[in-house]
Amino acid sequence: MARAIMLQGTGSDVGKTVLVAGLCRLAANRGLAVRPFKPQNMSNNAAVADDGGEIGRAQWLQSLAARTPSSVHMNPVLLKPHSDNGSQIIVQGRVFGQAKGRDYQRLKPQLLGAVLESFEKVAAGADLVIVEGAGSPAEINLRPGDIANMGFATRAGVPVVLVGDIDRGGVIASLVGTHAILPDEDRAMIAGYIINKFRGDVSLFDDGIRAIEGFTGWPCFGVVPWLQAAARLPAEDSVVLERLARGGAGALKIAVPVLPRIANFDDLDPLRTEPDVELVFVRSGERLPADAGLVVLPGSKSTISDLADFRAQGWDRDLQAHVRRGGRVIGICGGYQMLGRTVHDPLGIEGGALETPGLALLDIETEMAPEKTVRNSQARSTEYDAPLAGYQIHLGITRGPDCDRPSAIIDGASDGALSADGRIMGTYLHGLFGSDAYRARLLQSFGLFGERRNYRESVDQALDEIARELERHLDPRWSAGFVG
């Protein structure tokens, strides 16, 4: 069995995903066969693994960092929320079913077997497995049947490093409080802790480290600074949308309405890195900016309910006005479905209304169907004759006159639709903005002819920068013990 270490957090969004990715790259750079693993993830940002099936986008990124093909076994349980208290459950890459929160708590013990099976598959042939927890082990109300944190660690015998986020404040209380409320069996799994997202003079926290050790007996494995390169990595958690209000001032303003069930919003990340683009995430209560040149409707886990919210915000009127002014619109996946005349759901797959009118900017109709399309794809843009590479994760079949003008050819078949004037475009292909040639041609169509960076290369460089920072700031004795 490979060596393994698990990073758990004192709370959500403490930076575990980036730390695991950085440690995977650090280990890979040292010549180790390293694999990421996350027992349970909750995210509507999914990826298609190299062996087929859905995993969290974070585990896809971590496999990239580890320089190894991604696998559904790296994230055996993925929860994709489609309502305030219900989620679609993906087990080992395939749809397992749906459950509300309380029902899922009762279901978790049945999923532990799949989690442990996947962990064994990931560990086979690896030198090191770096495991990411979810939320916090201090959520002791969720401990019975837990598969995401200590429930997994104790069953698999994997030691835990606790991660505390000093940037949000209260890190000493978070670590000491976690120590205080954990049961003895769980507390015994913790080997030490890392302080993450530190700004300024690290020596100013020396007394804090001594205090934590005095209360807990845990050693500090390092104080990690704020990692600037992390901003160049694909966004995984919807929490980041609260911080991505807008990019820097640019020649082209691109507006993105933030839907309640927004999915795969990392589609927008390549645009966010462009210096002549201002990417504006429009939230509830705000108007679509009148000076936007392009509006992008992102993916959605619940197209019909998000359409209702879109109208409730008045964004349908804003979008019509944008089009009348000559503005352009791109819809991706669920956003593409919204652009049509009607969305039908005769089987109630989304669990709400069985039919709703769309935004009628494309002459198409969509009918939801139980079969889910999940695959990585090679494609070509018909607008710009540019190569595309991405993935598809969607329910529904879309037809209509505007489909006779496909926006792309995916795996040899027509996909998407274009309006007669070419200003409205829809596609089921996620990741199209990450294709450098397509992004360059799109921005050229708005009169922007600047040099475009290689997006995938910039992500790879960011991972290397993070790995170097971790090597510099983590205790070398611990780093050598677990990373090679």
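We use all heavy atoms of the structure for the numbers below, so side chains are in, but hydrogens, waters and symmetry mates are not. What you see is a predicted model, and the numbers here were worked out from it, not measured in a lab.
E132 places no side-chain N or O within donor-acceptor distance of the main-chain N or O of M6, the cut-off being under 3.5 Å. Judged purely by atom type and a 3.5 angstrom limit, R439 uses its side chain to pair as donor or acceptor with the backbone of R453. Between the R456 side chain and the S435 main chain, no donor and acceptor come within less than 3.5 Å of each other. A donor-acceptor contact shorter than 3.5 Å is absent between the side chain of D267 and the backbone of H430. Put simply, the side chain of S63 gets close to the backbone of W60: a donor and an acceptor are under 3.5 Å apart. Proximity of a side-chain donor or acceptor of D436 to a complementary backbone N or O of Y455 within less than 3.5 Å is detected. Looking only at distances, a side-chain donor or acceptor of R452 sits under 3.5 Å from a matching main-chain atom of G450. Distance alone, capped at 3.5 Å, places no donor-acceptor pair between the D306 side chain and the K301 backbone. For the pair D186 (side chain) and P137 (backbone), a donor-acceptor distance under 3.5 Å is absent. With hydrogens and angles ignored, the 3.5 Å screen pairs a side-chain donor or acceptor of N75 with a backbone N or O of G56.
By the 4.5 Å heavy-atom criterion applied to side chains, I89 and Q98 are not counted as neighbours. With a 4.5 Å cut-off on side-chain heavy atoms, L432 and T427 count as touching. Contact of the E185 side chain with the T154 side chain is registered, since non-hydrogen atoms from C-beta on lie closer than 4.5 Å. Annotation: side chain of I466 is not in contact with side chain of R25 (no heavy-atom distance under 4.5 Å). Side-chain contact check for I330 versus F433: some heavy-atom pair is nearer than 4.5 Å. The shortest side-chain heavy-atom distance between D167 and F198 does not fall under the 4.5 Å cut-off.
Under 3.5 Å, the side chains of Q92 and E117 contain a donor-acceptor pair of N or O atoms. A donor-acceptor contact closer than 3.5 angstrom links the side chains of S377 and Q392. In the model, H179 has no side-chain atom that pairs as donor or acceptor with a side-chain atom of T216 under 3.5 Å. Between the side chains of K372 and Q88, at least one donor N or O lies within less than 3.5 Å of an accepting N or O. A donor-acceptor pair shorter than 3.5 Å cannot be found between the side chains of Q59 and S70. Between the side chains of S43 and N41, no donor-acceptor pair is found at a separation under 3.5 Å. Side-chain contact, N45 with D266: a donor N or O sits under 3.5 Å from an acceptor N or O. For the residue pair Q8 / S136, no side-chain donor-acceptor distance below 3.5 Å is found, with atom types taken as modelled.
Closest non-hydrogen pair, A251 versus L448, comes out as CB-CD2, 3.5 Å. Between N29 and A467, the shortest heavy-atom contact is ND2-CB, 4.4 Å. Here the shortest heavy-atom pairing between K197 and D13 reads NZ-O, 3.0 Å. Contact record, G164 with T10: CA-OG1, 3.7 Å, taken as the closest heavy-atom pair. Residues V91 and A114 approach most closely at CG1-CB, 4.0 Å, considering heavy atoms. Annotation for L182 and R187: closest pair O-NH2, 2.7 Å, computed over non-hydrogen atoms.
For CZ of R168, the number of neighbouring non-hydrogen atoms (other residues, nucleotides, ligands) closer than 6.0 Å is greater than 12. Counting heavy-atom neighbours within 6.0 Å of F446 CZ, excluding the residue itself, gives a total above 12.
Under the 6.0 Å cut-off for aromatic ring centres, Y391 and Y428 do not qualify, their centroids lying 6.0 Å or more apart.
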inquiry  = side chain to side chain donor-acceptor pair (under 3.5 Å), that's the test. Do R143 and N149 meet it? Break it down for me.
reply    = CA-CA 9 Å; R143 180 59 177 90; N149 291 303; over 6 Å; no

Criterion ring-ring contact (aromatic ring centres under 6.0 Å, His included) on W218 and Y193, from CA distance to verdict = CA-CA 7 Å; W218 294 334; Y193 68 93; 7.0 Å; no

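Interatomic distance, CG of L128 versus CD1 of I5, reported as 8.5 Å (0.5 Å rounding).
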